[in-house]
Number of protein chains: 2
Amino acid sequence: MKVTDKHDKIIKAAIRVFAKKGFFNSRISEIAKEANVADGTIYLYFNNKYDILITIFEEEIGKIIAKVKQEIAKIDDPRKKLERFAYLHLRLVEDNRDLAEVIQVELRQSSKFMKEYRNKKFAEYLNIISQIIRQGQNQGIFRQDVMPGIFKRAFFGALDEMSRFWVLSTRKKYRVSTAAKQISKFFLDGILIPELKAN
Amino acid sequence: MKVTDKHDKIIKAAIRVFAKKGFFNSRISEIAKEANVADGTIYLYFNNKYDILITIFEEEIGKIIAKVKQEIAKIDDPRKKLERFAYLHLRLVEDNRDLAEVIQVELRQSSKFMKEYRNKKFAEYLNIISQIIRQGQNQGIFRQDVMPGIFKRAFFGALDEMSRFWVLSTRKKYRVSTAAKQISKFFLDGILIPELKAN
DNA sequence: ACTATCTGAATGAACGTACATTCATATTTT
DNA sequence: AAAATATGAATGTACGTTCATTCAGATAGT
């Protein structure tokens, strides 16, 4: 690794600028300034503005998926796996706010144009969840009528919306561990009081 | 109402174009063409491009909130209210795909710049959910440890992610009623098989 | 009933600017 | 001193917005 890795400096700067202004409202000159680099230098490392965005996704999302997979693999009980997934997801957002915001907003925005890409990586992330469900169903822990394809989206969506709330609001109202526990409990136990559960 | 309401024609055209290309990649000339109107005509009805987007939100979101509130009010049982909310939300998305896509992607994108706006209207929508929870808690149907502020986001997020899936994919894999039932059941009953419920 | 005058909605070519990208030149590294 | 890396002013263009002009239809005058 070079003493000053320009590639990395530019990526880090771009994450900050994109998070603050959004991709289309960010200027190359701003990113250059934030990275302490000349405008032209950016084009020595990236083909164009859009390429910077793509690279952010490619380099960062892979790391996240690998990390979550690895952590989940350490646990046996599918119930605990779910709770752990929730915690890890929210922690990642908390620890990488700018990145989280860029992924949330811009990956969505661009999804039409990079559908294949989103589909591949994002599906991989979601499938960590559906795998947990199938494992739980095989072990007789989760109900058979739970559709893993719907569950994975619902569970991810719940976490994602919670993250968005954090990313957009300045102060957090709830702690990560509280939110992770609440959300996984919603999905595991439901919200009905025990006596009322019919099934 | 005039024979040809240009304001409306332009809004409808813009929803189609924004949904297809995204706000920043949409050209005024495209919207004009789609609306069968000259470029300049658009500026007789709107101050600028951004104003078109704002107007879409202002005119359409209000209608949606009003409709959902009204439908929910007809029901007593908080359990049924939740399921109905899920169904209505997903139905709205299904019946107004382009609008749903614009709201999902662009409202999020712009949220930093129209925070006050999103906060107001969107919070109103989310609060329909937390009201249902509080009502259920008062009636002794929902557990007291459910935090309405977290629940509303989790529930909305689950529906929203399911919608995004529909908006972005060409063919629907699940029926609206199936998804609505699954998701509300997740939240009401959880996914554990009955024997395993500890609490 | 016919003509003249007025009106303002609609048009689309022209304008001006903002900004991504390039490249001739400078600096640093080997 | 050659090669590699970095610079930032200059370039070219895409596109939001403007505005002089048109013209269908309304109103008034004869």
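Chain letters run A, B, ... following the sequence lines, proteins first and then strands; every chain starts at 1.
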Can you tell me how far C1' of C:dT28 sits from CG of A:L44, to the nearest Å? 14 Å
Could you tell me how far apart A:I52 (CD1) and C:dA20 (P) are, to the nearest whole angstrom? 10 Å
Atom OH of A:Y43 and atom P of D:dT7: how far apart are they, to the nearest Å? 15 Å
5′-ward residue of the pair A:T41/A:F24 relative to DNA chain C: A:F24
Ring-ring centroid check B:F122 B:F156, cutoff 6.0 Å: yes
Atom-to-atom span, CD1 of B:I31 to P of D:dT17 - whole angstrom: 11 Å
Is the distance between the ring centroids of A:F186 and B:F186 under 6.0 Å? no
Just how far, in rounded Å, is P of D:dT7 from OH of A:Y45? 9 Å
Linking I/L/V/M/F/W/Y whenever their side-chain heavy atoms sit closer than 4.5 Å, directly or via other members, would B:I65 and B:I75 fall into one cluster? no
Is the phosphate of C:dA9 approached by B:K6 (side-chain N or O, under 4.0 Å from OP1 or OP2)? no
B:N48 has an atom CG; how far is it from atom C1' of C:dT17, in whole Å? 16 Å
Under 4.0 Å: is that the gap between some side-chain N or O of B:R27 and OP1 or OP2 of D:dG16? yes
Can we call the ring centroids of B:H89 and B:Y125 under 6.0 Å apart? yes
Rounded to the nearest angstrom, tell me the gap between atom CG in B:N25 and atom C1' in D:dG16. 15 Å
Whole Å only: how far is the CZ atom of B:F46 from the C1' atom of C:dA10? 15 Å
